[in-house]
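Here's the structure we're looking at; comments come further down.
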Amino acid sequence: MRNDTPITPARSGDQDAPTTRRSIRRRRDGRQRLIVAGAIAAAGLLAGTGFTVQNAVATQASIDATTALTESTGVRHEQLSVYKTIAAAKAIDRAEDTIAAANATLAATGGKVDASGLAASVASLSDYRSIPIDEVVDLTEATRAAAEKTAAAAAEYDRAQAEAAAAEAAAIAAANTPDGARATARTLAANQYGWGEAQFQCLNQLWQKESGWSYTAYNASSGATGIPQSLPGSKMAAAGADWQTNATTQVTWGLGYIASAYGTPCSAWSHSQAVNWY
């Protein structure tokens, strides 16, 4: 038998070419060339669109991550719910603590400063159980800031008051010395009664004799008290409740007594020289 003897009938579209081993090999080689050409064309198409193997890997990674996130969504939601519950509880606790501290600040100010802003903040925050947590957080911070501002203003008020009290105490201490009492008497005599230096010299001699210008002077035999030797000393309460400790109060009362009883210090001094009292 010859090698090119047909072994199968020809296909309907290939009637003129007998089916031999040689023709089979030619068709197989042709198909391989078509596959290679198709691969080359596909590679060219992918290169033309900018798509690479790296793109494919990255895309797959994104898909995998999305899938994983989707699969864990339920767990994430549960965790988020727990976190929100914890945050809400902490916000409530902080609001309650802030209200307590703010009320303490309001009580401590005691009308020293304008605390209306803080009072309004406390009133708004008091509804913390019925308003959104975000608002609770904001109101808590606002109330804390208002409390700090009010406390600072009250502290400044206290500082100013203490400073004024210290200054007053220093002035009283200075006026309570003999020289301080004289200076006070000279000023009051001129300003309130129009008595000049001559009258003051009479006054100076009179009260130097009576008490040595000491606000603590006391005559055990008569009970006369203080710089002007008031009898009894309680009469000087008409000039001030601090008559026992304040030389200025004693001087003020003594000048009024001289003006009403003798008219001038020189007349009172003359009487004292004549009868040893005034």
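Basis for what follows: all heavy atoms, side chains included, without hydrogens, waters or symmetry-related copies. Just so you know, these numbers come straight off a predicted model, no measurement behind them.
- The heavy-atom pair separating Gly254 from Pro228 by the smallest distance is CA-CB, 3.8 Å.
- Pairs of residues two or more places apart, or lying in two chains, that qualify as side chain to side chain donor-acceptor pair (under 3.5 Å) and include a residue from residues 94-104 are Arg94-Glu141, Glu96-Tyr128, Glu96-Arg129, Thr98-Arg144.
- Nearest heavy atom pair, residue Ile227 against residue Gln250, reads N-OE1, 2.9 Å.
- Cluster membership for Tyr218 and Trp243, using ILVMFWY side-chain heavy atoms within less than 4.5 angstrom, is not shared.
- Rounding to the nearest 0.5 Å gives a distance of 13.5 Å between OG1 of Thr225 and OH of Tyr215.
- Between the side chains of Gln201 and Gln205, no donor-acceptor pair is found at a separation under 3.5 Å.
- The shortest distance between side-chain heavy atoms of Glu210 and Tyr278 falls below 4.5 Å.
- Between the OG1 atom of Thr216 and the CG atom of Asn176 there is a distance of 9.0 Å, given to the nearest 0.5 Å.
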>> Working note: Thr143 + Ile99, criterion side-chain contact (heavy atoms from CB on, under 4.5 Å); need CA distance, chi angles, decisive distance, verdict.
In response: CA-CA 8 Å; Thr143 303; Ile99 290 173; 5.8 Å; no

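- Hydrophobic side-chain contacts under 4.5 Å tie Val113 into a cluster, directly or through other members, with Tyr157.
- A salt bridge is absent between Asp93 and Lys90; no separation between the charged side-chain nitrogens and carboxylate oxygens falls under 4.0 Å.
- For Trp277 against His271, the heavy-atom pair with the smallest separation is O-ND1, 2.9 Å.
- Distance alone, capped at 3.5 Å, places no donor-acceptor pair between the Thr150 side chain and the Ala147 backbone.
- The CG atom of Leu203 sits 11.0 Å away from the CD atom of Gln208 when rounded to the nearest 0.5 Å.
- Checking Ser116 against Asp114 by side-chain atom types alone, a donor-acceptor pair falls below 3.5 Å.
- Nearest approach of Ala181 to Trp213, heavy atoms of both residues: O-CZ3, 3.6 Å.
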>> Apply side-chain contact (heavy atoms from CB on, under 4.5 Å) to residues Thr248 and Ile172 and explain how you reach the verdict.
In response: CA-CA 8 Å; Thr248 298; Ile172 290 174; over 6 Å; no

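- Atom-to-atom distance recorded for Asn246:CG and Thr184:OG1 is 8.5 Å, nearest 0.5 angstrom.
- In this view, Lys112 and Asp158 satisfy the salt bridge (Lys or Arg N to Asp or Glu O under 4.0 Å) rule, not counting sequence neighbours.
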>> Using side-chain contact (heavy atoms from CB on, under 4.5 Å), reason through Ile133 and Ile92 one step at a time and then give a plain yes or no.
In response: CA-CA 8 Å; Ile133 289 299; Ile92 293 299; 4.3 Å; yes

>> Run the side-chain contact (heavy atoms from CB on, under 4.5 Å) test on Tyr262 and Leu206 for me, step by step, so that the C-alpha distance in whole Å, both residues' side-chain angles and the decisive distance to 0.1 Å come before the verdict.
In response: CA-CA 13 Å; Tyr262 299 96; Leu206 176 63; over 6 Å; no

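- Here the shortest heavy-atom pairing between Ala217 and Ser211 reads CB-CB, 3.7 Å.
- Screening Asn204, Thr187, Val251 for a side chain to side chain contact (heavy atoms under 4.5 Å, CB included) with Arg182, the sole residue that qualifies is Asn204.
- In this structure, OH in Tyr257 is found 9.0 Å from OG in Ser230, a value given to the nearest 0.5 Å.
- Between the OG1 atom in Thr140 and the CG atom in Leu125 there is a gap of 4.5 Å [rounded to 0.5 Å].
- Other residues, nucleotides and ligands contribute only 12 or fewer heavy atoms inside 6.0 Å of the CD atom of Glu168.
- Looking at Trp195 and Leu255, their side chains come closer than 4.5 Å, going by heavy atoms from C-beta outward.
- For the pair Leu139 and Ser124, the tightest heavy-atom approach, listed with the atom from each and the gap, is CD1-O, 3.8 Å.
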